[in-house]
Participant: 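Below is one structure. I have some questions about it.
None of the values given here were measured: they were computed from a predicted structure. We use all heavy atoms of the structure for the numbers below, so side chains are in, but hydrogens, waters and symmetry mates are not.
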Amino acid sequence: MAKEKQVFYGGQAVMEGVMMRGAKDYCIAVRNPKGEIENRSEKIAVSRFTQTLGKVPVLRGIVRLGSSMMVGYKVMTASMEMAGIDEVDGDETPSKFDMWLQRKLGDKLSTVLVVFAVILSLAFSIALFMVLPTWLSGFLAPLLGDNLWALGIVEGLVRLLILITYLLLFSRLKDVKRLFQYHGAEHMVINCHEAGEGLTAANAAKHSRLHKRCGTSFLLFVMLISMIFFLFVRTDEMWLRLLSRVLFVPFIAGVSFEVIRWAGISNSIIVRILSWPGFMLQKITTAVPDEGQLEVAIAAFEGVLEAERAQDAETV
């Protein structure tokens, strides 16, 4: 009998709800303006090329990151619509630019907008967390002389400081606390499922709001691995240092994915030590949810399970 493949579920907090993701499907569950839980399930678009890359260590992390960003932007936009946040006056006339885009791109418009948004988001992240720390640490180069190792460590510490400062400032924005509560609900429901308990709000409430495979922990691993990696990529030329930080982002992301994937399936003492800093950072990006928010996260998780069962039935 063939061994059943283990599915590692993940997710994302969205506006007034949660998205849960399985191997081939995702489900968004949102508390709509009427107070009801509304959900939508959709298949994750996967080409044969990305399927092949998805079997190769490191490369699969790059593919998964790109897919997560694409899905993440789509579900955030959908959740705003479902929660009634982006409702506009029905009499509002589209601008000439909107009409031109619709005329030129037709049904492809939404896909093009998602890709454009992901590229902008990725460019902003690379500029903030890779380029800026390298540029700022360059001001300390004269004080460190020829000690490029020390410069690499300083650069890594500046990168970590920027990440923590960014998360702390972001957490102070209006409505972000509710987003972080849904983030906590997502983790608690996944932890409840992985503990083999029934998916109820009471059971989920007993579990931690922290999780080893969280995207926040992934970001921290990117910071730490980049610090180690760039200790061995040394040059006196600022433009070469900046260029290397951009070019090696995919590789570092791929390695970070392998580390967090390993951490997600192991409970060794080494993994617990490596996971601890990520857990501390998650205390910024998660908050304790209420019962209603846990119910929304459970609805999203059950939506994914239902979509998977439907696919299994089709293949029988």
Side-chain angles (χ1 to χ4, degrees), residues 2-12 19-27 41-76 111 114-115 117-119 121-123 125-126 129-130 163 186-187 190-191 193-194 211-230 232-233 244-268 270-271 274-275 277-278 281-282 300-301 304-305 307-308 311-312 315:
K3 186 178 179 181
E4 186 177 349
K5 185 178 180 180
Q6 184 177 4
V7 178
F8 297 103
Y9 295 95
Q12 171 185 327
M19 179 273 286
M20 291 289 190
R21 173 175 175 155
K24 298 179 181 178
D25 304 87
Y26 67 83
C27 179
S41 297
E42 192 169 325
K43 286 181 63 65
I44 299 169
V46 180
S47 67
R48 185 170 297 180
F49 177 70
T50 55
Q51 274 186 322
T52 302
L53 290 183
K55 300 175 183 178
V56 182
V58 179
L59 290 181
R60 64 188 171 193
I62 300 171
V63 172
R64 185 59 184 258
L65 176 62
S67 172
S68 295
M69 294 185 71
M70 294 282 286
V71 171
Y73 184 82
K74 287 176 64 177
V75 300
M76 187 61 76
T111 302
V114 168
V115 171
V118 168
I119 291 173
S121 176
L122 191 58
S125 299
I126 292 174
F129 299 123
M130 289 295 173
L163 174 63
E186 173 223 327
H187 287 176
I190 292 176
N191 283 329
H193 169 78
E194 292 179 347
H211 196 280
K212 289 186 289 186
R213 295 194 305 272
C214 175
T216 305
S217 293
F218 173 78
L219 281 177
L220 186 61
F221 276 126
V222 169
M223 300 296 107
L224 295 175
I225 290 171
S226 66
M227 180 190 293
I228 297 170
F229 181 79
F230 288 128
F232 300 94
V233 181
S244 67
R245 274 45 176 180
V246 174
L247 293 180
F248 284 110
V249 164
F251 174 77
I252 292 170
V255 173
S256 300
F257 174 82
E258 296 301 325
V259 173
I260 203 166
R261 186 174 183 271
W262 167 61
I265 60 177
S266 173
N267 198 34
S268 67
I270 296 175
V271 166
L274 290 175
S275 298
L281 208 58
Q282 285 180 49
F301 199 94
V304 168
L305 296 180
E308 290 178 339
Q311 281 203 42
D312 291 340
T315 56

Participant: Calculate, to the nearest 0.5 Å, the distance between atoms CZ and NE2 belonging to Phe301 and His193 respectively.
Facilitator: 4.0 Å

Participant: Run the numbers on Leu281 and Leu163 for side chain to side chain contact (heavy atoms under 4.5 Å, CB included), then give the verdict.
Facilitator: CA-CA 10 Å; Leu281 208 58; Leu163 174 63; 3.9 Å; yes

Participant: For the SG atom of Cys27 and the CG atom of Leu305, what is their distance to the nearest 0.5 Å?
Facilitator: 9.5 Å

Participant: Which residues satisfy the side-chain contact (heavy atoms from CB on, under 4.5 Å) test with Ser67, sequence neighbours excluded?
Facilitator: Arg21, Ile44, Val71

Participant: For the atom pair NZ (Lys212) and CH2 (Trp262), what is the distance rounded to the nearest 0.5 Å?
Facilitator: 9.5 Å

Participant: Show the numbers, then the answer: is there a side chain to side chain contact (heavy atoms under 4.5 Å, CB included) between Ser244 and Phe230?
Facilitator: CA-CA 9 Å; Ser244 67; Phe230 288 128; 4.3 Å; yes

Participant: Would Arg213 count as a cation-pi partner of Phe218, with NZ or CZ less than 6.0 Å from the six-membered ring centre and within 45° of the ring normal?
Facilitator: no

Participant: Provide the closest heavy-atom pair for Val304 versus Tyr9 in the form atom of the first, atom of the second, distance.
Facilitator: CG1-CE2, 3.7 Å

Participant: We want to know whether His211 and Glu194 form a side-chain donor-acceptor pair, criterion being a heavy-atom distance below 3.5 angstrom.
Facilitator: yes

Participant: With sequence neighbours excluded, tell me which residues meet side-chain hydrogen bond (donor to acceptor under 3.5 Å, both in side chains) with Ser275.
Facilitator: none

Participant: Between Phe229 and Phe251, what is the ring plane arrangement, given parallel below 30°, perpendicular above 60°, and tilted in between?
Facilitator: tilted

Participant: Would Arg60 and Glu258 count as a side chain to side chain contact (heavy atoms under 4.5 Å, CB included) if you check the C-alpha gap in whole Å, the side-chain angles of each, and the deciding distance to 0.1 Å?
Facilitator: CA-CA 9 Å; Arg60 64 188 171 193; Glu258 296 301 325; 2.8 Å; yes

Participant: Determine whether Lys74 and Glu42 make a side-chain contact, defined as any pair of heavy atoms from C-beta on separated by less than 4.5 Å.
Facilitator: yes

Participant: What's the shortest heavy-atom distance between Lys55 and Pro57, and which atoms?
Facilitator: O-CD, 3.6 Å

Participant: Is there a side-chain contact between Phe257 and Leu65 (heavy atoms, below 4.5 Å)?
Facilitator: no

Participant: Identify all side-chain donor-acceptor contacts of residues 219-227 below 3.5 Å with residues at least two apart in sequence or on another chain.
Facilitator:
unit_1 : atom_1 : unit_2 : atom_2 : d
Ser226 : OG     : Val222 : O      : 2.9
Ser226 : OG     : Met223 : O      : 2.7

Participant: Using every non-hydrogen atom in the two residues, find where Ser217 and Gln282 come nearest and quote the distance to one decimal.
Facilitator: OG-NE2, 2.7 Å

Participant: Look up atom CE in Met130 and atom CG in Leu247, then write down how far apart they are to the nearest 0.5 Å.
Facilitator: 12.0 Å

Participant: In Å, rounded to the nearest 0.5 Å, how long is the span from CD of Gln12 to SG of Cys214?
Facilitator: 11.0 Å

Participant: Measuring from atom CG of Asp25 to atom CE of Met20, what distance do you get when rounded to the nearest 0.5 angstrom?
Facilitator: 14.5 Å

